[in-house]
Every structure is written in structure tokens, then in C-alpha cells.
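Since the structure is predicted, the reported quantities are computational estimates derived from the model, not experimental observations. Counting from 1, the numbers follow the sequence of the chain as shown.
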Amino acid sequence: MWLTSATNLFLKESVFIKQHYFTMRSELIVDVKPTSISTALLEDGRLMSLQKEPRDASYAVGNLYFAKVKKLMPGLNAAFVNVGYGKEAFLHYLDLGSQFASYSDFIKQVRQSGGKRQINLSKIKLKPDIDKHGSVTDVLEAGQELIVQISKEPISTKGPRLTTEITFTGRFLVLIPFNNKILVSQKIKDRAEKMRLRRLIESIKPKNFGVIVRTSAENKRAAELNSELKVLLKCWDESVAKINYSEPPSLIYEEESRAVSLIRDIFNPDFESINVNDAEIFEQIHNYVSLIAPERGDIVKIYTDDQPIFDRFNVTRQMKSSFGKTVSFRSGAYIIIESTEALHVIDVNSGNRSRKTTDQESNALDVNLLAADEIARQLRLRDMGGIIVIDFIDMAKSDHRQALYDHMKEVMQNDRARHNILPLSKFGLMQITRQRVRPALDIVTSETCPSCGGKGEVMPSLLFTDLLKDKIHYLVNDLGVKGFIMYVHPFVDAYLKKGLISIYLKWRREFGRLFKIMPDQDLAYLQYRVIDKNKQEIDLSEEKDTSSSSSKKENRMRKQKEQDNESE
């Protein structure tokens, strides 16, 4: 046999993993903070996907805007459109869609009607398709009003990318106005089921609306699909109605929250739990899950413990180990990831990995196969897009090179982003292109000293406890805050709570049981943060104001003397 014993062993492990995948325990962790929301997807406790964005983030993929063409760029065969973003959005001729003539005429009719009469898309006659090789100047003009959809979020210095081929995405169906095609997901293999779905959609969809049937629609009842189609059609009608009383640029349709949209794309019956630490987001997710799968509504759970939710489910620790320039994996091997705006380079190294065999070729294959697993995970985890070049360890045998290529294609099958993988080149490089919709997630794992800001000089560590006590005194006695939680680094938490009569216990006796101290793995060594009983963060920056700190100190000293006199 051409495969070595090491290869056979790895392939056996791969078969086991593949069989185990179908019973894999999937859970979603949603961490809601005052300024950001993060969602982490765990598979058997292992972090597989992470998304983080500001809570006030706009220009999410899928949002619809009523916008106006700012200027035409014939050289790029594109137009710049004002959607209210700092940078003008980019609309290419190829993103106008084949039915742009019908689309443009429809918008003009709606605007001219002024809302006095409803323009029904299903009752108009579609015009011929526009020329695929035409020019943007033939169909667009400066100042023209459009309904545009965000297809790519702003990345770096670039504005959002737009399309006028509008889609409304649901759990089972995707609705496409100005289209009559019905497409069924290629992942549905049963021909009879594909035919059933096609006939069903043909019988319920209105004219001039195309539909894409998603994989999750397989074996679903007609009532479920019809119900979702009505919801999507309502979204279209409401969006069109808004342009009657809106002036560009304005938002006319907003995609669901990131947490809800993530669940919509990945939810399956094997989902075990969804844990959320915010009541509002919990309600949104619970309502959505109850709508699409009423029997699974109980998997959505509200997390109310004081310990940070990412710490409780071991997400923070995995974030620290999975992000950064160097990522280690099994048996001492590691990969190095370097990124630019359009290109990511990954170098595979065997490190100090112990050799199970004296055969260097077999060892190189073993490390490369393990690296392929980690690289596939990293692409999903960081949402890396564009061109990815991987420098695997050199292998001389063509059979081994083919085995690595086949394995990489297999482990990338679970990646929802569109991608293309090329075989190893003669230099041992593998090239992958992967769809980029939003900026790659870059989490800084190194910690800058919060005391010196990276200058190299810090306050004495022993005095940090005095600082914490001073802050607690200020919160309890000066501000009168009750029921707050102070989060500190786990090492500091352990120090404060060590011993039978700990520092923490002494503070609780002195200031009363009005506060708690809890560890937070996301904090640096000399960092701390405070939240009140309503989960709102308390800003203590004003306490650093030197102009008022002296008077506050005098007041505290005066109060302390009064207490001492009373005790005497």
C-alpha cells in the first residue's frame, strides 16, 4: 500500500471524527456588553466560530437603504452611492442584476405614486434583461434614486459594497424580487424531494418573485414554507412602502441582530443549548427559535451568574490561545499567521514535536494533516477572506501531496463561506481563495500594562490592593452604590480571597456586604472593571481627576477621624 502506517493511523482517526461529527454537541454562547455583542459557537466545547461587533454597528450585510447615486466612474464601470456612510459605497455594473431596467422603472412608479396607490410587483410586466457587457453610464445617472442592499461591510478604508439584486433571507427560503426562477439547494440529494419542493414553491409564490430553497427546507411541510414566504413578502412590501415618505440616504430594512442571523444560518436539530446573558437579546433569540422550531424553544437559556459568561464556558481561554501570530496545536507543532488587507500567509512548523517514526516523510505528512485541521478552524474562527497561501512542510511523494489536498478539501466542507482550494504547487504551497464579507476578526492576545501604557514602569503591585480598596470606599461611601461587582484578574482574585480571614472578607466587614469581587479572564493583571446591579459599567475615570482627588481624600480623612473619635 502506498500510504504509510502514520497515514493509515491518521485516516482512521479522521473516520472516527467524521462519524462523531453527526453527534457533535453544538452550543452557542452570546456575550452582551453595553458597547458590544459577541457570539461564540462551540462544538464539543471547542471554539469554532467567533463574531464580535459594536452594539451600534450599522451597515450590516443584508440591510436595505434608499440611496442616491453620487457619481459615475466609467473607468471602473461602477458608481459611488451615498448611503450615509463616511466613505461612499461602491456599486459595480455587474451587481445591478439582469432585471435592472424593470427594477429602476418600478422605483420610479412607486416614487411618482407618492403612496396614493400601491404598485404591485406581481402585476407589472418585466422588461428585457440589460446587456451583460454594457456600461454603467447606459443605465445609471448621477442623482438617481435606488434601493440598494449591503453585500459587503466596510473594510479598512473602503466603503460598503452594494447590490441592487435584492434578497430577503429566511430560515428555509430566500426571496428574490424581479425574478421568476426557482432554485433548490444542491445539498438536497433526494431527487423526489427536490421535485416536491420545486412544485410546492411554484404553487405558492407570486409572479415576478424568484425563490431559492435552502437546505434546511428539506422534508418541511407546505404550511411552514408558505408561512415563511408570506413573512418575506411582507418585508419586501414594507421596505417599498417606506420610500414614499423617506429621503435618501435612509435605512428602510434592517437585518436581524447578529446573534439571531447567526442562529438562522447554523441552527439545526442537534443544537443543544443557546446561552445568553442579556434579557433583551434572550427574548429576541427565544422568539426566533420558538418560531422556526417550536419544540426546541427550551434550549435558549438566560445566563444570570456573576461570573463572566465567556469565562464560564471556557471561551476566553480559547480566544487567548487561538488568536495571535503563533498558534500551537497537537504535539508541539504550530502555525504562524501573517496577514495583510488582501493576503494571508500561513507557515506550518513541526516545532519540537516528538517523532513517532524515523521516516521524515511520514512525519511531515502527519504534521501537515494535523495543520490542515487547525487551518480550516482558523479560517472560520477569524473569518479570514481573500487569498490564503499556506506553506506546508515539504513532501517528496506525490501520493502524500494528494492525500493532503484531499484532506484539506474534506475539512473545509463545513465552511459556509464560498472557497476554492488549489493543489500543492511545485514549491509546496497551497492557495485558497475564501469569500470575504466582513473584516477578518483580529483579537489582540498580548496585554499592554494598564498602569504604564507600555512604557515599562508600573506602580508597585502590592499597592494595587490599596487602589482597589480606595475604589470600593469611593463607590460605597461617596457614591452610595449598592450591589455592584468588581471584576479583577483571576490571580488578583485568588490573592484577595486566600486564607481563612482573607483581605476580601475584611473588606466585606468594613464596607458591608454591598459588593462582590469576581475573576474575569479577559482582564490584564492590574486591570479592573465595575458593573452595577443593572449590569451597567460604572466609569471611575472621574476618580482620577487630580483637581478633585485631594478634596475627596480630605473628606475621607475627616470621616475616618470622626469614626475614630466616636469609637474612643
Legend entry - Value rounded to 0.5 Å, distance of CZ in F168 from CG in L232: 8.5 Å
Inset, instruction - For residues P423 and R401, determine if any side-chain heavy atom of one lies less than 4.5 Å from a side-chain heavy atom of the other. - result: no
Inset, instruction - With the side chain counted from C-beta on, respond yes when H92 and L76 share a heavy-atom pair under 4.5 Å apart, and no when they do not. - result: no
Inset, instruction - Please check if the side chain of S185 supplies one atom and the backbone of R214 the other of a donor-acceptor pair under 3.5 Å. - result: no
Inset, instruction - Check whether any side-chain N or O of R434 sits under 3.5 Å from a backbone N or O of M384 as a donor-acceptor pair, and report yes or no. - result: yes
Legend entry - Nearest non-hydrogen partners of L369 and A403, listed with the distance: CD2-O, 4.2 Å
Inset, instruction - Taking the side chain as every heavy atom from C-beta outward, state whether V345 and D391 have any pair of such atoms under 4.5 Å apart. - result: no
Legend entry - From N349 atom CG to I336 atom CD1, the distance as rounded to the nearest 0.5 Å: 5.0 Å
Legend entry - Between CD on residue Q402 and CE on residue M395, distance to nearest 0.5 Å: 10.5 Å
Inset, instruction - Please report the closest heavy-atom contact between A217 and L197, naming both atoms and the distance. - result: O-CD2, 3.8 Å
Inset, instruction - State, with a plain yes or no, whether a side-chain heavy atom of L183 is found less than 4.5 Å away from one of V213. - result: no
Inset, instruction - For residues Y303 and V30, determine if any side-chain heavy atom of one lies less than 4.5 Å from a side-chain heavy atom of the other. - result: no
Inset, instruction - Assess the side chains of R382 and S339: does a donor N or O sit below 3.5 Å from an acceptor N or O? - result: no
Legend entry - Sidechain-backbone polar pair: E27 side chain, N275 backbone, donor-acceptor under 3.5 Å: no
Inset, instruction - Could you walk me through whether V488 and D520 pass side-chain contact (heavy atoms from CB on, under 4.5 Å), step by step? - result: CA-CA 6 Å; V488 296; D520 187 347; over 6 Å; no
Legend entry - Intermediate values then yes/no, side-chain contact (heavy atoms from CB on, under 4.5 Å), Y405 and L424: CA-CA 7 Å; Y405 172 62; L424 287 166; 5.7 Å; no
Inset, instruction - Could you tell me whether the side chain of R529 and the main chain of E537 form a donor-acceptor pair under 3.5 Å? - result: no
Legend entry - Any Q318 side-chain heavy atom under 4.5 Å of L50 side chain: no
Legend entry - Backbone N/O of L91 and side chain of D95: donor-acceptor pair under 3.5 Å: no
Legend entry - K181 backbone acceptor or donor facing N179 side chain under 3.5 Å: yes
Legend entry - CG on L370 to NE2 on H407, rounded to 0.5 Å: 7.5 Å
Legend entry - Reported OG-to-CG distance for the pair S49 and L47, which is rounded to 0.5 angstrom: 7.5 Å
Legend entry - Whether E228 side chain and F172 backbone form a donor-acceptor pair below 3.5 Å: yes
Inset, instruction - Would you check if I37 and D31 make a side-chain contact, meaning some heavy-atom pair closer than 4.5 Å? - result: no
Inset, instruction - Report the C-alpha distance between H400 and N368 in whole Å, list the side-chain angles of each, state the deciding distance to 0.1 Å, and finish with yes or no for side-chain contact (heavy atoms from CB on, under 4.5 Å). - result: CA-CA 10 Å; H400 289 176; N368 285 338; over 6 Å; no
Legend entry - Atom of I335, atom of Q378 and distance for their closest heavy-atom approach: CD1-CG, 4.3 Å
Legend entry - Separation of D415 CG from Q435 CD (nearest 0.5 Å): 9.5 Å
Inset, instruction - Of all the heavy-atom pairs spanning L381 and S322, show the shortest one and how long it is. - result: CD2-CB, 3.6 Å
Inset, instruction - Indicate the ring-plane relationship of H489 and F491, choosing parallel, tilted or perpendicular according to the 30° and 60° boundaries. - result: perpendicular
Inset, instruction - Using modelled atom types only, decide if a donor and an acceptor are shared between the side chain of Q521 and the backbone of P490 within a distance under 3.5 Å. - result: no
Inset, instruction - Check the surroundings of atom NZ in K535: do more than 12 heavy atoms from other residues, nucleotides or ligands lie under 6.0 Å from it? - result: yes
Inset, instruction - Just do the side-chain contact (heavy atoms from CB on, under 4.5 Å) check on D522 and K320 with the steps written out, would you? - result: CA-CA 9 Å; D522 199 36; K320 297 286 187 181; 4.2 Å; yes
Inset, instruction - Examine distances only and state if a side-chain atom of R196 and a backbone atom of E218 form a donor-acceptor pair shorter than 3.5 Å. - result: no
Inset, instruction - Provide the closest heavy-atom pair for S239 versus I252 in the form atom of the first, atom of the second, distance. - result: O-CD1, 3.7 Å
Inset, instruction - May I ask you to check whether T316 and D311 show a side-chain donor-acceptor distance below 3.5 Å? - result: yes
Legend entry - Side-chain donor/acceptor of S151 to backbone N/O of R161, under 3.5 Å: yes
Inset, instruction - Locate the shortest heavy-atom distance separating F282 from V300; write the atom from each residue and the value. - result: CE1-O, 3.5 Å
Legend entry - Close side-chain approach of E43 to L41, heavy-atom, < 4.5 Å: yes
Inset, instruction - Mind running salt bridge (charged side-chain N to carboxylate O under 4.0 Å, His left out) on E374 and R46 for me, showing each step along the way? - result: CA-CA 12 Å; E374 181 60 32; R46 192 179 187 210; 3.0 Å; yes
